[in-house]
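Fair warning: this is a prediction, and the values are worked out from it, not measured in the lab.
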Amino acid sequence: MGYQQDNFRRIRQEYETKYQRAHDEADRRRAEVESLIPAVAVLHRQMAAVGPEIMRISLEAKTEEDRKAAVAALKQRHGEMRAERDALLLANGYPTDYADVRYECDQCSDSGYLDDGRMCRCMKSKLVCANYEMSGLGSLLSSQSFDNYSLDYYRNDEKTYRTMQAVLQAMKQYAAAFSPDRIDELPAGGNLLLVGGTGLGKTHLSTAVAKSLLDRGYDVLYTGAIGLVASFENARFGSSVGLSDTEDLHRFYDCDLLIIDDLGTEVVNQFTVSSLYNVINTRLNLRRPTIISTNLMQDELRHRYWDRITSRLFGEFRILLFLGTDVRAQKVRRGN
């Protein structure tokens, strides 16, 4: 199920509703002033007739000079009628634009698109916000980006600093080069395994990648390993209160990028491992990239999961090793 397409359809419908509401409100205000000021109603009818008259003249004029002269006269008359209408409105306590259509966005007139067919900035912004909400990253998107990822916390050791500098560069290059149509051009087909202890920046850099891709219109889904397993458990067994399955598992397979955080924190049993394998293997077969982060090292992963999972993680994912000392703990000590 394409959630990004769902967002587009929903927001497109919102714009259609907003556009119609603006016109309905204008019609209501127009009817109000016309009922109270009959002369305004007469002027409105006369002004409305100018457009068709211009069209008739354009078709029937014998010469271009005649056409221009007649059109200019009609436009002048229209301006005079509008001025007369405005004077009547002001005299009766109404602003001159009271009966006009009032759009939320003057650039696109609440259509979502500019005159040249390009999507308006207001609609782009709404789509990005909707995709943020659907990504599962919530407030992290506003607090974790490439711009505020600092390497200062790794400077106490030269090897650690160089390693994390390379990791940051690799993640930036990944985000910049990402395209579902050019996955083969990314190392390991765009699949990343981020390995390292707690608080070393795995979630921060994953979020930075997600933000970069969401801002470019890609469909990104972030989930913790526990949340992913819970979704499959609910789909298979139903909730603890007996509710029917409402989970839509398709998005784990269909999104442009799936980010699975904290692999190894979920309860491991045959069902959960099978669910993880199903997601990882299906996305590999569909050539849809996945980023997985874990605090477990290679031997711990092999001990915890089936060989079918670990063989894919170590054989078909690019491994990025995070080194250093817990950044969150350092921030607490520094009072940040």
Rounded at 0.5 Å granularity, tell me how far [atom1] in [X] sits from [atom2] in [Y].
X: L193; Y: R312; atom1: CG; atom2: CZ; result: 14.5 Å
X: F322; Y: S293; atom1: CZ; atom2: OG; result: 8.5 Å
X: C105; Y: L114; atom1: SG; atom2: CG; result: 7.5 Å
X: L192; Y: M171; atom1: CG; atom2: CE; result: 6.0 Å
X: L205; Y: K172; atom1: CG; atom2: NZ; result: 9.5 Å
X: T163; Y: L323; atom1: OG1; atom2: CG; result: 4.5 Å

* To do: Specify whether F232 and Y253 have parallel, tilted or perpendicular ring planes, treating 30° as the upper limit for parallel and 60° as the lower limit for perpendicular.
  => perpendicular
* To do: Please assess I259 against V220 for the test side chain to side chain contact (heavy atoms under 4.5 Å, CB included), listing each intermediate value before the final yes or no.
  => CA-CA 8 Å; I259 300 174; V220 180; 4.1 Å; yes
Could you tell me whether a side-chain N or O of [X] sits under 3.5 Å from a main-chain N or O of [Y], the two making a donor and an acceptor?
X: T310; Y: R302; answer: no
X: Y174; Y: G190; answer: yes
X: T282; Y: V279; answer: no
X: Y15; Y: M123; answer: yes
X: S111; Y: Y113; answer: yes
X: T160; Y: N156; answer: no
X: D254; Y: R251; answer: no
X: R216; Y: F178; answer: yes
X: Y305; Y: G264; answer: yes
X: H204; Y: S145; answer: yes

* To do: Show your working on salt bridge (Lys or Arg N to Asp or Glu O under 4.0 Å) between R30 and E34 and close with a plain yes or no.
  => CA-CA 6 Å; R30 182 189 182 102; E34 288 182 350; 3.1 Å; yes
Heavy-atom count around [X] [atom1] within 6.0 Å, excluding the residue itself: above 12?
X: M119; atom1: CE; answer: yes
X: D115; atom1: CG; answer: no
X: N285; atom1: CG; answer: yes
X: E60; atom1: CD; answer: yes
X: Q107; atom1: CD; answer: no

* Report the residues that fulfil salt bridge (charged side-chain N to carboxylate O under 4.0 Å, His left out) with D184, sequence neighbours left out, ordered by chain and then residue number. => R287
* Just jot down the salt bridge (charged side-chain N to carboxylate O under 4.0 Å, His left out) partners of R162, sequence neighbours excluded, or say none. => E158
* **Trace of the side chain to side chain contact (heavy atoms under 4.5 Å, CB included) decision for E185 with R182** => CA-CA 6 Å; E185 298 179 19; R182 302 170 63 185; 2.8 Å; yes
* **Candidate pair T265 and D262, rule side-chain hydrogen bond (donor to acceptor under 3.5 Å, both in side chains), full reasoning** => CA-CA 6 Å; T265 56; D262 281 336; 5.1 Å; no
Identify the heavy atoms of [X] and [Y] that sit nearest to each other, and give their distance.
X: R29; Y: D100; answer: NH2-O, 2.7 Å
X: I57; Y: V71; answer: CG2-CG2, 4.5 Å
X: L221; Y: C255; answer: CB-SG, 3.8 Å
X: I37; Y: L88; answer: CD1-O, 4.2 Å
X: F317; Y: A188; answer: C-CB, 3.8 Å
X: A175; Y: F146; answer: CB-CE1, 3.9 Å

* side chain to side chain contact (heavy atoms under 4.5 Å, CB included) with K202: which of T294, V195, I291, N295? -> N295
Single-linkage hydrophobic cluster [X]~[Y], side-chain heavy atoms < 4.5 angstrom:
X: V40; Y: V101; result: no
X: F314; Y: V273; result: yes
X: L313; Y: W306; result: yes
X: M297; Y: I309; result: yes
X: I260; Y: L296; result: yes

* To do: Could you tell me whether the side chain of E233 reaches within less than 4.5 Å of the side chain of T272, counting heavy atoms only?
  => yes
* Just wondering, do Q144 and K211 contact through their side chains at under 4.5 Å, heavy atoms? -> no
Going by atom types only, do [X] and [Y] share a side-chain donor-acceptor pair under 3.5 Å?
X: E32; Y: Y98; answer: yes
X: S275; Y: N278; answer: no
X: T63; Y: D66; answer: yes
X: D261; Y: Y222; answer: yes

* Given R318 and N191, is the side-chain hydrogen bond (donor to acceptor under 3.5 Å, both in side chains) satisfied, shown in steps? -> CA-CA 6 Å; R318 181 186 183 186; N191 299 297; over 6 Å; no
* **Derivation of the side chain to side chain contact (heavy atoms under 4.5 Å, CB included) call for T290 and I280** => CA-CA 8 Å; T290 306; I280 294 169; 5.6 Å; no
* To do: Take M81 and R85 through the test side chain to side chain contact (heavy atoms under 4.5 Å, CB included) and record every step on the way to the result.
  => CA-CA 6 Å; M81 288 187 291; R85 190 278 312 265; over 6 Å; no
SB check [X] [Y] (cutoff 4.0 Å):
X: E65; Y: K68; answer: no
X: R28; Y: D24; answer: no
X: R118; Y: D116; answer: yes
X: K18; Y: E14; answer: no

